[in-house]
Amino acid sequence: MAKKTYVIDTSVFLSDFNCIHKFENNDIVIPLKVLEEIDNHKKRQDAVGSNARHLIRILDGLREKGSLKKGIRLGKGMGIITVMSHEAITATLPPDLSKGVPDHLIIETALTVQESSPKSRKVILVSRDINMRVIADAVGMRAEDYLVSQVIETTDKLYSGMVTLLVDDELIDQFYTGEDIYITKELVSSQKAKLYPNIFIMLVSSLNEKKSALCRFNTYFNPLEKIIDYKNLLQWGVYPRNKEQTFAFDLLMDPDIHLVTLIGQAGSGKTLCAIAAGMEQSVTFGSMFGKKKPSSGVSISTHTAIDKYKSDIPLDDAAYRKLIVSRPVQPMGRDIGFLPGTMEEKMLPWLKPIQDNMQFIMGNDKTLLQDMMESGVIELEALTYIRGRSISNAFVIIDEAQNLTAHEVKTIITRAGEGTKIVLTGDIEQIDNIYTNETSNGLTYIIEKFKESPITGHVSFKKGERSRLATEAAKLL
């Protein structure tokens with residue numbers, strides 16, 4: 001394979017500081033303007049700033065091997081990395097492009113490298129900036145995206161967490177009578193399907209398409225599992241309204257599932273289901289008040305009702321000691337500021353959607369939510385400070401996870417200690433982070449990477465449940 005030269009843009013380094021070691025035996029050119037832009041980001045207290053600082057340390061270490069201006073080999077079987085200053089630029093940009101714009105200077109550097117290289121060698125500008133790639137192409141410069149975290153080609157190929165299989169009519173009858181039902185590899189391959197641990201299956205009768213059964217697959221050696229109906233088992237009164245929400249509760253309430261990913265359009269109930277399940281398993285009457293949970297199954301939403309049903313018998317049956325909720329402050333970990341108030345007070349504007357869901361579950365009782373936060377049962381966490389933590393025995397919900405990079409999601413998941421469950425929710429069609437897209441964001445990355453793991457599960461929500469108006473808006477707008 002012919003050797004190539006890659007000119008790397010700032011956006012690539014800010015999303016992956018270690019990218020210089022991922023271009024194999026190809027040469028790398030870094031425009032000096034890129035280093036200036038990296039320096040402007042190094043003081044940021046987030047993943048972008050962390051990547052900037054890591055890159056600077058890597059380049060500083062390379063200086064001990066030689067001159068970055070002349071070029072330094074990255075290692076055995078690796079290419080040569082060079083920093084090109086503006087004074088070495090000989091290419092000329094079209095008059096439409098201003099030389100004072102950093103992106104244009106970087107493109108100008110790439111054009112110079114292209115003009116000075118043999119025709120047999122490809123020179124490629126690598127950038128996460130879509131418009132920069134478009135401009136580069138318009139001036140005759142080959143440009144590519146940096147796709148190290150891209151795990152699928154299109155969103156249509158994203159793992160959905162569910163599959164439909166046509167089966168004999170008798171098999172569905174046997175499933176409902178409680179017999180052990182096994183799925184064969186031959187049946188699955190004949191229908192061009194693929195099964196993963198904890199995938200949900202809709203069994204549909206080959207004789208009557210209206211006759212079906214919902215179940216969960218584990219392995220080919222285990223019988224299909226029935227999905228638990230939680231309608232009469234949930235103390236906070238939030239119940240699933242459709243099959244996807246039923247699937248979600250089945251995973252969220254399963255102690256053997258340690259990582260759950262939920263995606264869906266606005267109003268599909270992914271965040272509400274996650275919070276409700278988290279409260280069911282962490283916010284009990286015992287964990288909040290040190291008292292026995294009422295056995296009457298009444299809906300509790302006020303202090304008066306809680307006082308009425310208190311008992312002298314202590315209760316310690318919560319599966320998790322606390323519920324931790326957070327969402328990215330775009331971008332992840334942006335400093336929440338030197339403002340008056342506690343961290344929770346500063347984070348509330350960002351966590352307002354989560355607070356709305358909690359108040360809906362509690363019957364809009366704001367004082368009850370405040371009491372739970374003050375008691376430590378519910379914790380609002382800033383992702384800025386999650387590095388270095390070890391979170392044990394907690395139910396952790398990260399909302400809007402599509403705005404995280406693959407590295408950021410890895411940082412969060414690796415904080416999980418013993419007894420901790422992590423739930424990532426988001427809508428991959430609504431991404432605000434300029435360093436990710438629908439196919440390379442952290443949520444998509446985790447869904448694809450973990451789909452073969454027996455301790456994880458995924459559900460794609462299809463139907464809106466917030467309101468008829470919200471559902472129509474999601475479809476039409």
[X] and [Y]: side chain donor to acceptor below 3.5 Å:
X	Y	result
S11	D129	no
H458	S460	yes
H54	N51	no

Do the side chains of [Y] and [X] get nearer than 4.5 Å, heavy atoms only?
X	Y	answer
I422	I391	no
Q402	E429	no
H258	T420	no
I412	I398	yes
N222	D180	no
L74	I20	yes
D60	L62	no
I447	I263	yes

What I want to find out is whether [X] reaches [Y] closely enough, with some N-O distance under 4.0 Å, to be called a salt bridge.
X	Y	answer
K22	D16	yes
D250	K226	no
K42	D39	yes
K462	E244	no

Inter-residue atom distance [X].[atom1] - [Y].[atom2], 0.5 Å rounding:
X	Y	atom1	atom2	value
L203	L224	CG	CG	6.0 Å
F200	C215	CZ	SG	9.5 Å
R321	N393	CZ	CG	4.5 Å
T444	I428	OG1	CD1	4.5 Å
D256	N218	CG	CG	9.5 Å
Q245	L272	CD	CG	7.5 Å

Y196 ring center within less than 6.0 Å of Y159 ring center: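 Yes, ring centres under 6.0 Å apart.
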Which heavy-atom pair separates A274 from F395 by the least distance, and what is that distance? O-CE2, 3.6 Å
Where is the tightest heavy-atom contact between Y182 and Y220, given as atom of each residue plus distance? CD2-O, 3.8 Å
Among D169, D168, D173, find the one that has a side-chain hydrogen bond (donor to acceptor under 3.5 Å, both in side chains) with S205. D169
Quickly, which of R216, K451, E225 forms a side-chain hydrogen bond (donor to acceptor under 3.5 Å, both in side chains) with N198? Name it, please. R216
Any side-chain to backbone donor/acceptor pair from [X] onto [Y]? Under 3.5 Å, distance only.
X	Y	answer
N403	D432	yes
T456	F450	yes
R53	R44	yes
E408	T405	yes

Using a 6.0 Å distance limit plus a 45 degree cone around the ring axis, check whether K421 lies over the aromatic ring of Y320. no
I38 and side-chain contact (heavy atoms from CB on, under 4.5 Å): which single residue from I30, L55, V48 fits? L55
